[in-house]
Amino acid sequence: MSIFLAACNNQETATSGGDENGNEKLEIFSWWTGAGEEDGLLALLDVFNEKYPDIAVENAAVAGGAGTNAKAVLASRMQGNDPPSTFQVHGGAELNTSWVAAGKMEPLNDLYEQEGWNDKFPQDLIDMVSQDGNIYSVPVNIHRGNVLWYNKKIFEENGLEPPTTFDEFFEVADALQAKGITPLALGDKEPWTATQIFENILLAQLGAEDYGKLWTGEIPFDDAKVVESAEIFKKMLAYINEDHSSRNWQDASQLVGNGEAAMNIMGDWAKGYFVNDLNLSVNEDFGYSATPDSDGLFMVITDTFGLPKGVENAEDVKKFLSVLGSAEGQDAFNPLKGSIPARVDADLSKYDQYGKDTMEDFKNSALAPSLAHGSAAPEGFLTRVNQAVNIFVTQQDVDQFIDSLVTASADL
Ligand code: GAL
């Protein structure tokens, strides 16, 4: 039986069911649809299909960056006891507070034992997918969230160096604006992209340890450093494209790729987009550096997949997870996705310079979980932060923004 691939964009078509032989299809639920998102997934499914040609796979992806739509569809299916066979979920709070705490996931300790994974994934990642000694999902990758991408030609033609600090950022942005070039591309039609800029400022201002204290309540959201971060954020907003609210992250990255804007701040799935969709080359057409003042810090985003309770084809799901967690699976997926492998034994030759640099950086940086991508704090809090950020981008009222964050922190 050949692989059955049907990318779905709505709930009706994303339901599971049997194939023509009455076997339960392996329904893989994610938000990786096209435009830089899908390539890695399809490569992984190819590896799976080669190993298990008799298991029919349904690619049930729901479009929308950062799971904007997929997470809502997933929540209603989980509530209705109709889980997909397996689904994309970020390690950390998103997995643990949404699904593990609700008793919706099977522990995977036996699979980790069987596959010898306990020393193949960094302990930090295993911790992000564990609760009370049980491991609940398998990380397929590590994305970095604090990356500044820039158009090399624009920087060269204007004799500019990519900024490493906020002071340099504003100098460069002024120089670009004086030449009529949009300094910073933003596409916040889905507000998480703006939240991602803000969390990177928070990380830069607070450092990894204190940034972590925001989510435990040890540092309140009206702390002077948070206020300072909001001020920096506000200042940055003076340099974005006017049509930011009608663009998504791909459309914003496209401005940089096409030379209509100089920089954007985005996770390294943007690299997958630049390379696979715009046919651009790393270090030729576009360059990268850590976002201002965040060298030595690494905003971690890890996509993982687990085994929901109650699925009928649990053994097939485990087979899929074993491929997703294998060196072969990860080295097929990640070079296309833009991420680095979650495993520590990747085949370096499969990765471009960006991938190689990022693997080094991951080993040598202080790690911080992303809020915008669900790892740092529960979904309810993130939803409220996204709303507050969205209002802030338009109104730019720092006091009101800080008040909203303080109020939202009751949900932590
Ligand atoms: C993140 C996810 C990435 C990428 C990105 C943009 O939440 O971890 O894999 O898909 O969203 O959609």
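Every number for a ligand or one of its atoms is a count from 1 in the order of the listing. Predicted model, so just to flag it, every value in this text is computed and none were measured.
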S.K.: Show me a pair-per-line table, with atom names and distances to 0.1 Å, of protein N or O atoms that are under 3.5 Å from an N or O of ligand 1.
M.R.:
unit_1: ligand 1; atom_1: 7 (O); unit_2: H90; atom_2: NE2; d: 2.9
unit_1: ligand 1; atom_1: 7 (O); unit_2: H373; atom_2: ND1; d: 2.7
unit_1: ligand 1; atom_1: 8 (O); unit_2: H90; atom_2: NE2; d: 2.7
unit_1: ligand 1; atom_1: 8 (O); unit_2: D303; atom_2: OD1; d: 2.6
unit_1: ligand 1; atom_1: 8 (O); unit_2: D303; atom_2: OD2; d: 3.2
unit_1: ligand 1; atom_1: 9 (O); unit_2: W32; atom_2: NE1; d: 3.2
unit_1: ligand 1; atom_1: 9 (O); unit_2: H143; atom_2: NE2; d: 3.4
unit_1: ligand 1; atom_1: 9 (O); unit_2: D303; atom_2: OD2; d: 2.6
unit_1: ligand 1; atom_1: 9 (O); unit_2: K337; atom_2: NZ; d: 2.8
unit_1: ligand 1; atom_1: 10 (O); unit_2: W31; atom_2: NE1; d: 3.2
unit_1: ligand 1; atom_1: 10 (O); unit_2: W32; atom_2: NE1; d: 2.9
unit_1: ligand 1; atom_1: 10 (O); unit_2: E37; atom_2: OE1; d: 3.2
unit_1: ligand 1; atom_1: 10 (O); unit_2: E37; atom_2: OE2; d: 3.0
unit_1: ligand 1; atom_1: 11 (O); unit_2: W31; atom_2: NE1; d: 3.3
unit_1: ligand 1; atom_1: 11 (O); unit_2: A66; atom_2: N; d: 3.4
unit_1: ligand 1; atom_1: 12 (O); unit_2: W31; atom_2: NE1; d: 3.4
unit_1: ligand 1; atom_1: 12 (O); unit_2: E37; atom_2: OE2; d: 2.6
unit_1: ligand 1; atom_1: 12 (O); unit_2: A66; atom_2: N; d: 2.9

S.K.: Using a strict 4.0 Å threshold on nitrogen-to-oxygen distance, state whether E27 and R77 make a salt bridge.
M.R.: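 Yes.
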S.K.: Does anything in residues 218-240 pair up under salt bridge (charged side-chain N to carboxylate O under 4.0 Å, His left out), and if so which pairs, sequence neighbours excluded?
M.R.: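 For residues 218-240: none.
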S.K.: Would you call D251-K189 a salt bridge at under 4.0 Å N-O?
M.R.: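 Salt bridge absent between D251 and K189.
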S.K.: Do N200 and Q196 pair up side chain to side chain, a donor and an acceptor below 3.5 Å, judged on atom types alone?
M.R.: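 Absent: no donor and acceptor within the cut-off.
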S.K.: If only side-chain N and O atoms count, and only distance matters, is there a donor-acceptor pair under 3.5 Å linking D268 with Y288?
M.R.: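 There is no such pair between these side chains.
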S.K.: Is there a side-chain contact between Y354 and F274, using heavy atoms and a 4.5 Å cut-off?
M.R.: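 The answer is no, as the side chains (C-beta and beyond) never meet within the 4.5 Å cut-off.
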